[in-house]
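These numbers were taken from a predicted model, which means no experiment stands behind them. Letters A, B, ... are given to chains in the order of the sequence lines, protein chains preceding strands, and every chain is numbered from 1.
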Protein chains: 4
Amino acid sequence: MRNTIGNVFTLTTFGESHGSAVGGVVDGMPAGIEIDLQFIQAELNRRRPGQSAITTQRNEPDRVELLSGVFEGVSTGTPIGFIVRNENQHSGDYDNLRSLLRPSHADYTYHVKYGLRDHRGGGRSSARITLSRVVAGALAKLVLRQMGIAVKAYTSQVGPLALEHDYRCYDLTQAESNAVRCPDAEMAAKMESLISEVKADGDTIGGIVTCVITGCPPGVGEPEFGKLHAVLGHAMLSINAAKGFEYGEGFAGVCQRGSEQNDIFLPADDNAAKGNGVRLTTKTNHSGGIQGGISNGQDITFSVAFKPVATLLRQQDTVDTDGSKTTFTAHGRHDPCVVPRAVPIVEAMAAITLLDHLLMAKTVKI
Amino acid sequence: MRNTIGNVFTLTTFGESHGSAVGGVVDGMPAGIEIDLQFIQAELNRRRPGQSAITTQRNEPDRVELLSGVFEGVSTGTPIGFIVRNENQHSGDYDNLRSLLRPSHADYTYHVKYGLRDHRGGGRSSARITLSRVVAGALAKLVLRQMGIAVKAYTSQVGPLALEHDYRCYDLTQAESNAVRCPDAEMAAKMESLISEVKADGDTIGGIVTCVITGCPPGVGEPEFGKLHAVLGHAMLSINAAKGFEYGEGFAGVCQRGSEQNDIFLPADDNAAKGNGVRLTTKTNHSGGIQGGISNGQDITFSVAFKPVATLLRQQDTVDTDGSKTTFTAHGRHDPCVVPRAVPIVEAMAAITLLDHLLMAKTVKI
Amino acid sequence: MRNTIGNVFTLTTFGESHGSAVGGVVDGMPAGIEIDLQFIQAELNRRRPGQSAITTQRNEPDRVELLSGVFEGVSTGTPIGFIVRNENQHSGDYDNLRSLLRPSHADYTYHVKYGLRDHRGGGRSSARITLSRVVAGALAKLVLRQMGIAVKAYTSQVGPLALEHDYRCYDLTQAESNAVRCPDAEMAAKMESLISEVKADGDTIGGIVTCVITGCPPGVGEPEFGKLHAVLGHAMLSINAAKGFEYGEGFAGVCQRGSEQNDIFLPADDNAAKGNGVRLTTKTNHSGGIQGGISNGQDITFSVAFKPVATLLRQQDTVDTDGSKTTFTAHGRHDPCVVPRAVPIVEAMAAITLLDHLLMAKTVKI
Amino acid sequence: MRNTIGNVFTLTTFGESHGSAVGGVVDGMPAGIEIDLQFIQAELNRRRPGQSAITTQRNEPDRVELLSGVFEGVSTGTPIGFIVRNENQHSGDYDNLRSLLRPSHADYTYHVKYGLRDHRGGGRSSARITLSRVVAGALAKLVLRQMGIAVKAYTSQVGPLALEHDYRCYDLTQAESNAVRCPDAEMAAKMESLISEVKADGDTIGGIVTCVITGCPPGVGEPEFGKLHAVLGHAMLSINAAKGFEYGEGFAGVCQRGSEQNDIFLPADDNAAKGNGVRLTTKTNHSGGIQGGISNGQDITFSVAFKPVATLLRQQDTVDTDGSKTTFTAHGRHDPCVVPRAVPIVEAMAAITLLDHLLMAKTVKI
């Protein structure tokens with residue numbers, strides 16, 4: 001399907017950047033969950049533009065309205081429809097884009113595929129439509145929280161500036177204390193400087209978001225095409241500007257030998273995973289918490305690469321819908337680096353995907 | 001779904017390493033396609049173990065039998081069921097694995113998830129079940145060929161040995177002329193040496209497969225969760241031992257600036273993509289042929305990282321299903337590096353995914 | 001899936017009778033279709049309560065708002081989100097229903113399934129949620145109209161009062177000229193009298209809606225589980241209060257012999273179906289336009305049985321959520337017969353289902 | 001999807017009447033179920049032709065082979081692939097059908113849809129392909145049996161000969177003791193006579209199969225498009241020759257008033273349904289065990305109408321693929337009435353559908 005993801009916990013989204021509203025439908029929300037609206041709004045606020053000097057200044061309230069599926073503050077098990085109105089539209093700002101095909105945007109591909117497109121602000125391909133994912137992710141997190149599962153993402157790289165160590169060496173709660181969402185304050189400051197510098201240059205830069213899921217029980221994930229890392233990869237790669245996904249040792253691990261990368265099983269201690277009576281843990285976690293596509297009870301870890309934003313505040317050559325040469329210079333509100341605001345979106349997609357598979361896992365036995 | 005992939009061209013697989021047979025059902029095969037059985041068998045042979053000194057010696061004929069959906073040599077549009085018998089089973093060889101949980105295999109996770117498992121040769125988690133993907137991929141290739149689309153993968157890295165240039169610098173047809181499937185003969189020789197050395201050491205090593213799709217028209221791919229690179233990523237990550245996926249500039253591209261990575265559009269020449277009357281090309285192809293999740297008519301390029309095989313021919317510590325400490329030493333037939341045999345599987349999954357979306361793209365207009 | 005129907009043209013719905021809004025998402029709307037909002041609203045008005053003395057007096061404006069997927073009056077191929085606000089709620093009216101389980105409603109089954117429910121006006125099980133189907137159906141009709149396909153339903157039976165002849169004997173355009181939507185004016189008057197009499201008695205009555213699709217080309221429908229009549233049946237049976245579905249000769253035809261029911265093929269005349277060069281027609285249409293699950297180019301005909309509405313304006317014995325005996329007497333606004341207002345819903349579900357399969361049919365060949 | 005049915009317990013089928021084999025894949029079989037192969041084969045034998053004078057004489061052994069998903073006699077939770085070889089093919093018998101379009105068969109519609117078809121014995125549209133459904137149904141029954149759920153179908157009508165009472169007035173175990181599968185011995189004899197008479201006349205006749213599910217807990221079924229009766233209807237209508245579906249009072253109930261058809265709830269006794277602490281039963285079961293699309297703990301009852309078989313042993317006018325007039329007279333092995341052999345297929349589809357939704361119901365709460 002096109003605009004729906006998931007099997008039993010599903011999200012269907014709709015909306016364009018400059019239409020009336022963006023929104024979606026969450027189907028399969030378990031019944032009986034307290035719906036903390038403030039938490040959902042807080043998650044949305046984490047994604048909101050205009051949070052700092054290094055993000056776009058489009059300052060919208062982005063108030064979510066839940067339209068159904070909640071009764072007296074509790075989920076009923078029926079679908080939750082929701083919308084966020086587009087209020088700060090300035091459609092006229094985009095008249096010059098009507099026939100222009102911006103480099104490395106989706107203008108050309110939408111034009112070719114559909115024969116027409118809403119050119120205002122990228123239309124359906126705008127990053128604004130990720131709002132719906134954050135709402136659904138917040139709902140999923142409310143369920144995961146009750147199961148003792150936490151999903152935490154952070155910026156691990158901006159341009160060439162990369163955190164040296166893995167997540168266990170940082171206090172991840174510190175990630176939200178700076179504008180780039182990097183848990184290392186010193187590195188965060190360097191990253192901010194780099195982004196500001198790039199911005200001043202009218203340019204943009206890429207980066208990497210890393211995500212850790214703790215508390216996931218073993219046994220989640222569905223071979224063969226529902227392998228947990230494959231569906232996580234699908235979900236992450238569907239985020240705007242994503243160019244790569246890896247879990248566990250990922251790409252770097254191809255240089256290792258099996259004797260280095262294998263995770264040796266150890267008998268259980270009190271903190272170990274418990275599944276079907278077998279209690280064990282692993283000496284290392286090169287596998288990233290997933291073996292054979294199924295969670296093994298260790299922390300689940302993965303990273304997502306994001307390209308530099310395609311919108312530059314400098315002139316670029318391009319062509320228009322007639323195929324004629326022209327030039328394009330963007331103005332106004334644009335992120336020089338998508339990564340800080342991608343952090344809550346990565347978490348949202350992880351929560352959605354994991355909850356779907358936690359529920360699926362309930363169906364393998366009677 | 002668990003064992004089905006795709007929307008309108010779908011593959012459902014079944015089978016365990018040491019059961020009666022592995023097989024699958026291809027649904028949505030377009031009608032009227034000549035079914036070249038020799039080609040399908042030849043594709044299977046590319047995946048077969050025992051092709052050279054550096055792959056496992058399990059030497060099975062792996063004859064595919066198409067059971068339906070083909071009449072007088074032509075596809076009828078009805079589902080194509082197929083099987084490959086497991087003939088060289090040696091089930092007894094695996095008795096010692098019944099209660100053993102091999103490190104970094106799926107033994108533990110299957111045991112936890114299902115409460116029991118077929119322990120022989122990895123059962124459902126064996127690489128042998130990728131046979132079904134190769135058969136389906138061969139069927140998809142027969143259709144793509146008629147559309148002028150070619151899918152070609154090759155080994156671009158083994159351990160630290162990586163090809164220096166991108167695919168345009170090599171004659172990809174040369175990839176099949178050596179055991180590692182690397183298009184550069186000199187590098188291929190080095191890779192073979194490394195794999196042999198690792199094997200002699202009872203160890204294993206990882207690597208990267210790169211894939212190029214040529215001839216794909218613009219307009220293929222379905223935002224928002226059906227983005228072409230997201231479904232390709234899903235398909236690739238579902239292959240055994242895959243740890244990462246990237247397209248276009250991928251992970252390396254996060255260090256670039258937007259001004260470097262953007263692909264400038266150029267007016268059409270005779271070789272350019274043609275879509276809805278707009279004829280254009282791009283000066284560079286950092287996007288990997290996909291923009292906003294939709295093909296733009298340029299070559300589609302992506303890479304898949306594979307971990308070192310978990311089965312080592314040396315002793316490892318582990319635990320058994322009672323949670324007691326024990327050791328495990330593998331014997332017999334095992335690949336020291338999965339990458340050479342992963343090449344045809346990557347191609348197969350790419351062909352399956354692309355055909356599905358080529359057919360989906362026919363439904364966006366009446 | 002639960003709240004989604006379709007394969008490539010899909011509808012996902014949400015909403016409860018007395019929540020903020022009901023609505024849905026149409027995904028897969030072909031691009032380039034002019035969106036006639038007045039037509040969509042007119043279709044909604046056909047479903048609206050309070051149209052006559054024999055329908056419920058709940059008089060809501062039921063204004064639909066399209067939130068996305070339409071640009072400058074034309075569909076863009078992206079999902080169309082829409083809502084209809086619930087304005088005339090009177091939630092307090094339902095306080096007495098909080099712990100009451102109304103006979104033959106969904107109160108008990110929702111309570112058991114989910115552990116809680118929105119008791120106001122039936123919540124998710126209210127007929128009000130069919131609004132979303134009518135909106136999606138109107139969108140589908142806009143596409144079908146361009147393909148020369150018309151969907152027309154009418155009331156063929158109320159209680160024991162049944163039309164004597166089949167659809168070819170009536171002017172179906174006359175169905176909208178009376179409150180029961182029966183194309184025979186004399187029978188319509190009798191049906192109205194019966195419904196009024198039943199209403200005066202505090203009781204309700206069932207009926208049958210018959211639907212005819214003209215202009216459908218041959219070749220639509222997907223064996224084996226996507227047989228056109230099976231997916232139409234699924235769609236119809238999902239309408240509130242539906243108890244049965246039949247197509248062609250249906251249940252009555254079980255008494256016939258094959259020699260009576262077979263439809264003899266005839267060579268083509270100018271009005272005949274044309275498919276793959278074969279032009280033919282049938283002497284009779286006992287098959288209801290579908291053979292082997294695929295349309296044959298003749299009119300598609302089917303009927304849907306609706307039970308008497310469960311809400312009676314008289315006292316009934318029942319139990320409450322504690323399992324204690326109590327009684328229930330409904331008051332206020334309720335239809336004595338669901339059939340007249342079911343007519344546009346039957347049309348809507350037929351249009352949705354048919355368009356989905358017309359689009360699917362485009363994928364069987366390259 | 002085309003050849004797959006279900007959500008978490010799914011069946012994908014393949015095969016043509018005169019290809020190598022028919023078969024399928026059951027995905028989502030719960031792990032840990034003992035697989036009683038004799039029971040599965042016995043179910044297949046119930047469907048087999050040649051069981052009596054009134055069924056077709058095509059006498060095939062129809063041996064099912066399970067290829068995967070079962071280890072040491074127990075289901076592993078991985079997909080179960082299976083095949084039944086076509087052994088008694090006589091393909092040459094069908095040469096005269098190559099260009100002939102048999103009346104009221106799927107010959108024309110397949111020809112139009114796909115541009116070609118396997119004309120031998122109806123190819124994919126043959127009733128022989130229901131074999132796969134019976135195998136999957138038998139697997140589902142093995143699970144249902146452990147949950148205390150029984151599915152029992154019987155012939156309730158042949159031509160005009162209809163059982164007078166509902167299922168509670170008969171000993172349904174008697175249905176298997178006669179060739180027509182009617183639980184009333186006297187009526188069975190009359191039905192047999194009628195079928196023999198029709199057969200002698202070279203003609204065929206329709207009939208009705210009624211099905212009863214006992215032991216289903218309340219809470220099964222998924223509003224809004226997954227209503228239990230809607231998915232049962234879909235499943236039943238997908239059986240060859242099915243023309244109608246009704247549940248509870250069905251079509252006859254449209255003549256009733258609400259005060260007659262409503263099922264009054266009663267406080268629980270020891271045999272009552274138990275759900276979320278509410279124990280109750282109903283005074284009557286006009287609802288057929290389903291309210292609002294969800295099971296209410298009472299017996300689930302429905303009926304399926306089957307048309308007279310289209311193959312007559314007498315001459316009929318028709319046209320060929322060139323659109324020219326010709327005649328057709330069938331010879332050989334054909335059922336004069338499909339209903340007796342449809343009984344096990346109705347049961348199979350009911351079991352498949354119910355198990356899917358029993359498993360789905362596990363996902364509505366955490």
Side-chain angles (χ1 to χ4, degrees), chain C residues 2-3 5 101 103-104 106 109 112-113 115 125 159-160 203-208 218-219 222 224-227 229-230 233-234 237-238 243-246 250-251 253-255 257-259 261-265 267-268 275-276 278-280 291-292 294 296 305 307-308 310 312 317-319 323, chain D residues 2-3 5 101 103-104 106 109 112-113 115 125 159-160 203-208 218-219 222 224-227 229-230 233-234 237-238 243-246 250-251 253-255 257-259 261-265 267 275-276 278-280 291-292 294 296 305 307-310 312 317-319 323:
Chain C
R2 291 146 161 159
N3 295 278
I5 196 163
L101 303 173
S104 283
T109 54
V112 164
K113 184 175 187 72
S125 71
D203 214 336
T204 62
I205 189 107
I208 296 178
E222 298 291 331
E224 116 138 336
F225 297 117
K227 290 192 174 89
H229 58 266
H234 184 158
L237 289 161
S238 76
K243 298 295 285 187
F245 170 86
E246 61 180 10
F251 276 87
V254 306
C255 297
R257 304 218 170 174
S259 55
Q261 190 161 153
N262 277 2
D263 293 318
I264 300 304
F265 286 122
N276 272 318
V278 191
R279 292 175 58 81
L280 52 72
Q291 292 176 327
I294 304 171
N296 70 354
K307 70 170 184 176
L312 312 184
D317 291 331
T318 192
V319 302
Chain D
R2 291 147 162 157
N3 295 277
I5 196 164
L101 303 172
S104 283
T109 55
V112 164
K113 185 174 187 70
S125 71
D203 214 337
T204 62
I205 188 107
I208 296 179
E222 299 291 331
E224 120 134 332
F225 296 118
K227 290 192 174 89
H229 59 267
H234 185 158
L237 290 161
S238 76
K243 298 295 284 187
F245 170 87
E246 61 180 10
F251 275 88
V254 306
C255 297
R257 302 219 170 173
S259 55
Q261 189 159 152
N262 277 3
D263 293 318
I264 300 304
F265 286 121
N276 271 319
V278 191
R279 291 175 58 80
L280 53 71
Q291 292 176 327
I294 304 171
N296 69 354
K307 70 169 184 175
V309 175
L312 313 184
D317 291 331
T318 192
V319 302

Interface check, chain C: of D/Lys227, D/Glu224, D/His229, D/Gln291, most non-hydrogen pairs under 4.5 Å belong to D/Glu224
Report the option among D/Ala106, D/Ser238, D/Gly233, D/Pro160 that has the most heavy-atom pairs separated by less than 4.5 Å from atoms of chain C.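 Of D/Ala106, D/Ser238, D/Gly233, D/Pro160, D/Ser238 has the most heavy-atom pairs under 4.5 Å with chain C.
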Please classify the contact between [X] and chain D as side chain, backbone, both or neither, with a heavy-atom cut-off of under 4.5 Å.
X        : result
C/Lys243 : both
C/Asp203 : side chain
C/Ile205 : both

Engaged part of D/Ile5 at the chain C interface, taking heavy atoms whose separation is under 4.5 Å: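 Both backbone and side chain.
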Treating D/Asp263 as the side-chain partner and C/Ser104 as the backbone partner, does any N or O pair qualify as donor plus acceptor under 3.5 Å? no
Determine yes or no for a side-chain-to-main-chain donor-acceptor pair under 3.5 angstrom, with C/Asn262 supplying the side chain and D/Ala310 the backbone.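 Side chain of C/Asn262 to backbone of D/Ala310, a donor-acceptor pair under 3.5 Å: yes, one is there.
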Output all residues satisfying side chain to side chain donor-acceptor pair (under 3.5 Å) with C/Ser125, sequence neighbours left out; order by chain, then residue number. none
To check you understand the geometry: which heavy-atom pair defines the closest contact between C/Gly253 and D/Pro308, and what is its length?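 So the two residues come closest at O-CD, 3.6 Å.
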Side chain to side chain contact (heavy atoms under 4.5 Å, CB included) for C/Glu246 and D/Glu246? Distances and angles first, verdict last. CA-CA 8 Å; C/Glu246 61 180 10; D/Glu246 61 180 10; over 6 Å; no
